[in-house]
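Worksheet for the structure shown next.
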Amino acid sequence: MADRTQVVILGASGDLTARKLIPGLFQSFVENRFPHPVQVVGVARRPWDRAEFQSIITERVHCDEGDKARWDEFMSEVYYQQTHLDSDDGYTELARTLNEIAGEAVNRVFYLAIKPELFLATVTGLHASGLLDQSTGTARVVVEKPFGTDLESARALNAELLRMLGEDQLYRIDHYLGKETVQNLLAFRFRNAMFEPLWNHNHVEVVQITVAEDVLVGDRGGYYDSSGAVRDILQNHALQILALVAMEPPSSLQGDAIRNEKVKVLESLRCPKEVTDDRAHIVRGQYWGYRHEGGVAEDSQTETYIAVRTYIDNWRWGGVPFLLRTGKGLPKRFTGIQVQFHMPPHSLFGPPDACHLRPNALNLRIQPHEGIDLHFDVKAPGSGNEMVPAKLNFNYEEFFNRRIPEAYQRLLLDVIKGDQSLFIRSDEVEESWRWTDSLRELMPDTELHAYEPKSWGPDAAHSLFGECEGRWAKE
Ligand code: BG6
């Protein structure tokens, strides 16, 4: 295969390119992480030339003074090509330009930073112009979420794309998988022998996963109103975290070994429609003022908050509730996992019915304040038997004393290297839609609670916890 790579960003005039993709690529360049030389070609409709694209990027990307010389060096391999992705001629011309820029055989990465409606047409154009041919170098395609809007559309998109590409050429991105703390879930679970024996229904009472955001929908109302919290975050980021928390040890760290185990978790997720207990298991909310956001319908029924109680019907997790929650307009931005352990079988230190006392929990702080806390009770010194909650904590920043790499840096590097472990396979995407569709079918019959921005969402969300299962974590 070729010993250089051309990263082609389609839709390069968008925010993602300047905010995430170029900074991620540049960081890998500065840290000398590329396995071989990399060229970057921005492609968009805008009638820019190369110099204009370079100066726009340079203005928008923050670069430390000390890295200025490296930035110029990086920029010397950054190109631009104006292309109308909806015209067949556009692709022929694009192919010609890309070949000219490359000069010789290259591996190609096509990053589709474009509207999902254009995924199929764009891959079709790339395919027809020969750009996906792999006879002299690899050709990989990266697609952003959302991948489909339900199971049927995701299946159709998979089928169409896989007619033109092999699964090994298709990189479905979920940027949460590039976060260092999300990757650490496997290391934490399978490198440390002390937690794994506890990681099952015998010891775990309930697992909570929260993706909380303080931001409102901002200028994304048009997109968000047709997506909602369920399709924007729950179907992808939250279910991916759940799969990593709940999966069995993979046979190796190879892409398919990990993905085989993740997909089994998703297959075992009980569809919300099949939950038969009569407790609440879905709470939806919409923040006050959402209907006045730009692009949002005046009578919108879209949820900006969702909390779900669900189960994984397998041997390890039988009967353990998994509580998932995400929302916008909450008091703070935090993503975290809380694994709450059972009470001791016999209570020497408190009344046996004191089910509000839940001393043992493990909190995995995904972001911000990345770290891990282990909660337990200690006897207050000098007291009879007064119990006080205490915690052991590990903070990434304090411990490593260095910057945590951005998700996109790692993910782009993995595409260049051909490592698919942090990307979603077709069966994973379909399984997560299976569960999500079942949830969405129930939503019209579920009350949409209004909540104040900067509150923790509808009070009704507390009803998802059983009597002795604790309450929602706030960090
Ligand atoms: C995106 C969603 O996938 O993730 C956004 O579309 C959300 O609505 C964002 O704000 C959150 O990402 P992060 O990395 O800031 O937690």
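Worth saying up front: this structure is predicted, and the values here are computed from it rather than measured. We count ligands from 1, going down the list as the structure has it; atoms in each ligand are counted the same way. All residue numbers refer to positions in the sequence shown, counting from 1.
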Exercise. With ring centroids as reference points, do Tyr311 and Trp317 lie under 6.0 angstrom apart?
Worked result: no

For this session: Return the option from Gln367, Lys179, Lys20 holding the heavy atom at the smallest distance from atom 14 (O) of ligand 1.
Result: Lys179

For this session: Provide the number and element of each atom of ligand 1 under 4.0 Å from a heavy atom of Lys328.
Result: 5 (C), 7 (C), 8 (O), 10 (O)

Seminar exercise, completed: The closest protein heavy-atom partner of atom 9 (C) of ligand 1 is Glu213 OE2, 4.0 Å

Exercise. With a 4.5 Å limit on heavy-atom distance, are the side chains of Arg259 and Gln254 in contact?
Worked result: no

Exercise. Considering only protein heavy atoms, which is closest to atom 12 (O) of ligand 1, and at what distance to one decimal place?
Worked result: His175 NE2, 3.1 Å

Problem set entry | is_close_aromatic(Trp472, Phe465), centroid dist under 6.0 Å | yes

Problem set entry | Distance (rounded to the nearest 0.5 Å) between Thr58 OG1 and Lys68 NZ | 7.5 Å

For this session: Please identify which atoms of ligand 1 are closer than 4.0 Å to at least one heavy atom of Lys145.
Result: 1 (C), 2 (C), 3 (O), 6 (O)

Problem set entry | Lys115 atom NZ: more than 12 heavy-atom contacts under 6.0 Å | no

Exercise. Of the protein's non-hydrogen atoms, which lies at the shortest distance from atom 5 (C) of ligand 1, and what is that distance?
Worked result: Arg220 NH1, 3.3 Å

Seminar exercise, completed: If you scan protein heavy atoms around atom 16 (O) of ligand 1, the nearest is Tyr176 OH, 2.5 Å

Exercise. For atom 3 (O) of ligand 1, which candidate among His237, Arg333, Glu144, Arg231 holds the nearest heavy atom?
Worked result: His237

Problem set entry | Polar proximity ligand 1 side, Tyr224 side, N/O cut 3.5 Å exclusive | no

For this session: Could I get the full list of ring-ring contact (aromatic ring centres under 6.0 Å, His included) partners for Phe195, not counting sequence neighbours?
Result: Phe188

For this session: Using a strict cut-off of 4.0 Å, indicate which atoms of ligand 1 neighbour a heavy atom of Asp232.
Result: 2 (C), 5 (C), 6 (O), 8 (O)

Exercise. In this structure, which one of Ile424, Leu269, Thr310 forms a side-chain contact (heavy atoms from CB on, under 4.5 Å) with Leu239?
Worked result: Leu269

Exercise. What do you reckon, does Thr335 have a nitrogen or oxygen under 3.5 Å from a nitrogen or oxygen of ligand 1?
Worked result: no

Exercise. Which word best sums up how the rings of Phe29 and Phe74 line up, parallel for under 30°, tilted for 30 to 60°, or perpendicular for over 60°?
Worked result: tilted

